[in-house]
Amino acid sequence: MNSPVGAPSSTSSSSSSYLFRPRPCLTYASRSCKFPLLLPQAVCTSQKMHRCSGYHVVASNHPNPLKSIVARCSLGWSGSEPLVCSQALNKNLLPVQALVTSTTQDVSEMPFIGEDKVGVLLLNLGGPETLEDVQPFLFNLFADPDIIRLPRLFRFLQKPLAQFVSTVRAPKSKEGYASIGGGSPLRRITDAQAEELRKSLWEKNVPAKVYVGMRYWHPFTEEAIEHIKRDGITKLVVLPLYPQFSISTSGSSLRLLESIFREDEYLVNMQHTVIPSWYQREGYIKAMANLIEKELKGFDRPDEVMMFFSAHGVPLAYVEEAGDPYKAEMEECVDLIMEELERRKITNAYTLAYQSRVGPVEWLKPYTDETIVELGKKGVKSLLAVPISFVSEHIETLEEIDVEYKELALKSGIEKWGRVPALGCEPTFISDLADAVIESLPYVGAMAVSNIEARQSLVPLGSVEELLAAYDSQRRELPSPVIVWEWGWTRSAETWNGRAAMLAVLLLLFLEVTTAYQHQFYLKDKIGDAFMAASHPSKSSSRLACKL
Ligand SMILES: C=CC1=C(C)c2cc3[nH]c(cc4nc(cc5[nH]c(cc1n2)c(C)c5CCC(=O)O)C(CCC(=O)O)=C4C)c(C)c3C=C
Ligand SMILES: [Fe+2]
């Protein structure tokens, strides 16, 4: 496997928790579990476990706090199904002596049950911590075949292309990161979320260690995996920190994880499950509605405020040609939040648009900047921006929304501007993530995707391999890059011999650089661009869509 640029040779700590406490009443599928029928029927599901609440053993006062014993099954579920898995449950019940309530955070001192150690791996994008990190961070991002998708024939050009595009883009990106304090806050926030998640799991009697694995910067996913191995984790819940699934985000991280798992004997045998998206969870929806409700109250006339959901975009071809569920999930997510708000008698007008496009291809529409201008023209006076695709503050909330779009809105006639903060460590949200992890535990090691009960679950589950296999089975190749990059070549390029392909891509590089410099010199002010695009729709919008 290729290491990303900037990856350390030795590992640094990427875990946020050093706490291990066995989980009462939890049973798992065995490593040899090959068929879904072992789950959840034979395994104690969350609902069934709730019924264990009669089993509440407390045996404390041991001089060694680590030997204090508390076994309880009141894990916070509200299911009403009877406990039907007594055989499996009894077989797998934790020995009472093994259950510990000490709050010490030193994992080395914490006993655990048999070989079972539970870990949660949070996957995220990562961001440059200093301005020097920006170009290598961008290189890692553009070297990702799920970000710049080249047909197989052109794959050998992925890295040279990444080098080129990252170098061209770095000055503009650096400006952005400089304006938000010289680096991305993503690592700090994700670490804090991991720590809060760990605490929440602890409070729900589920001791697990929580790790952070970033896709493009420290702590890299590879580093997190090293920690997971070193800690001897045997059961792993993989939780991408993106509410909605996209090929370019969760998909990319899972693909990397799959390749790491495939190459490592320890990991191949480690049981795991994945929660690929969780935007539909009640706790998340409620947490978002809480934030929106609170922010609306800051306006003089809350009911006149237009709610503006702004999601990070993806190239249109991802959705239309590669089958990315991102757009559908995003729309459903907004609907669910609006339904929740309606239940609270908040019935404001709202709209959804897509921001942060990169490169000269068409991205999901409507574009945020153009929509803001249009709303201004239509006489909208108050706008509340709701970032919807990401749960941390980052460059695109702190700079793009708070500075660029706000300025654009005020220029466009909007008088009152507000922005909903990212969820960060909001307690309802963190508690819901913890519940998602807990609900997924019975599926660890199971082939849950093909399991009816799992499919109906609010937590979609499955192993990395299964998820990717399911996705790949429906996946269609994107058109050749000449079409992706819209320069009018034909698909038959794919049948050319290597030399001709090389020539075509070199030509693309040339055009790319020409376009990039054109934009640097003539289209520097993105606000002005968007304003122009809206006021002169006859001008090419694809040119204005280009951030490079
Ligand atoms: C759901 C969220 C995101 C999607 C979808 C996504 C797709 C996507 N992004 C790029 C290119 C860039 N993204 C950059 C930063 C960035 N992207 C996201 C989230 C999603 N990206 C976040 C949270 C961040 C910020 C991280 C931080 O440092 O705070 C950047 C770098 C910043 C910049 O130069 O603008 C690029 C470039 C593509 C091409 C893409 C889909 C194909
Ligand atoms: Fe991005």
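The residues of the chain are indexed from 1 along the displayed sequence. Indexing begins at 1, ligand by ligand and atom by atom, following the structure's order.
Any N or O atom pair closer than 3.5 Å counts here, and Ser173 shares at least one such pair with ligand 1. Between Arg169 and ligand 1, at least one N/O pair is under 3.5 Å apart. Considering backbone and side-chain atoms together, Thr249 places no N or O closer than 3.5 Å to any N or O of ligand 1. Of the N or O atoms in Ser184, one or more lie within a sub-3.5 Å distance of an N or O in ligand 1. Checking only distances, Leu186 never comes within under 3.5 Å of ligand 1, N or O to N or O. Close N/O approach between Ser248 and ligand 1 is not found [any backbone or side-chain N/O within under 3.5 Å].
With respect to Arg281 and Glu439, a salt bridge is recorded, a charged nitrogen being found less than 4.0 Å from a carboxylate O. Ion pair Lys172/Glu175 not flagged as a salt bridge, since none of the NZ, NE, NH1 or NH2 atoms sits closer than 4.0 Å to an Asp/Glu carboxylate oxygen. Salt-bridge annotation for Arg419 and Glu393: present, with a side-chain N of the basic residue lying under 4.0 Å from a carboxylate O of the acidic one. Salt bridge annotation for Lys411-Glu407: absent, with no cationic side-chain nitrogen under 4.0 angstrom from a carboxylate oxygen.
Proximity of Trp217 to ligand 1 is not established, as no heavy-atom distance is less than 4.0 Å. At a 4.0 Å cut-off, not a single heavy atom of Ala311 sits close enough to ligand 1 to count as contact. Not a single heavy atom of Tyr216 sits closer than 4.0 Å to an atom of ligand 1.
Residue nearest to atom 1 (C) of ligand 1, selected from Ser250, Pro243, Ser389: Ser389 (by heavy-atom distance). Ranked by closest heavy atom to atom 31 (C) of ligand 1, the top entry among Ile247, Leu138, Val391 is Leu138. Around atom 26 (C) of ligand 1, the closest heavy atom drawn from Leu141, Leu364, Asp144, Leu125 belongs to Leu125. Taking only non-hydrogen atoms, the option from His312, Glu400, His394 nearest to atom 7 (C) of ligand 1 is His312.
Note on the Fe ion (ligand 2): protein N, O or S atoms under 2.8 Å away count 1, no waters included.
In terms of heavy-atom proximity, Cys333 sits nearest to Tyr279 at CB-CD1, 3.7 Å.
Judged by distance alone, the side chain of Ser173 and the main-chain N or O of Ala170 form no donor-acceptor pair under 3.5 Å. Within the 3.5 Å criterion, the main-chain N or O of Leu241 finds no donor-acceptor partner in the side chain of Asn124. The backbone N or O of Leu423 lies less than 3.5 Å from no partner atom in the side chain of Glu426, so there is not a single donor-acceptor pair.
Gln158 is linked by a side-chain hydrogen bond (donor to acceptor under 3.5 Å, both in side chains) to nothing, counting only residues two or more places apart in sequence or in another chain.
A heavy-atom distance below 4.5 Å is not found between the side chains of Leu161 and Phe142.
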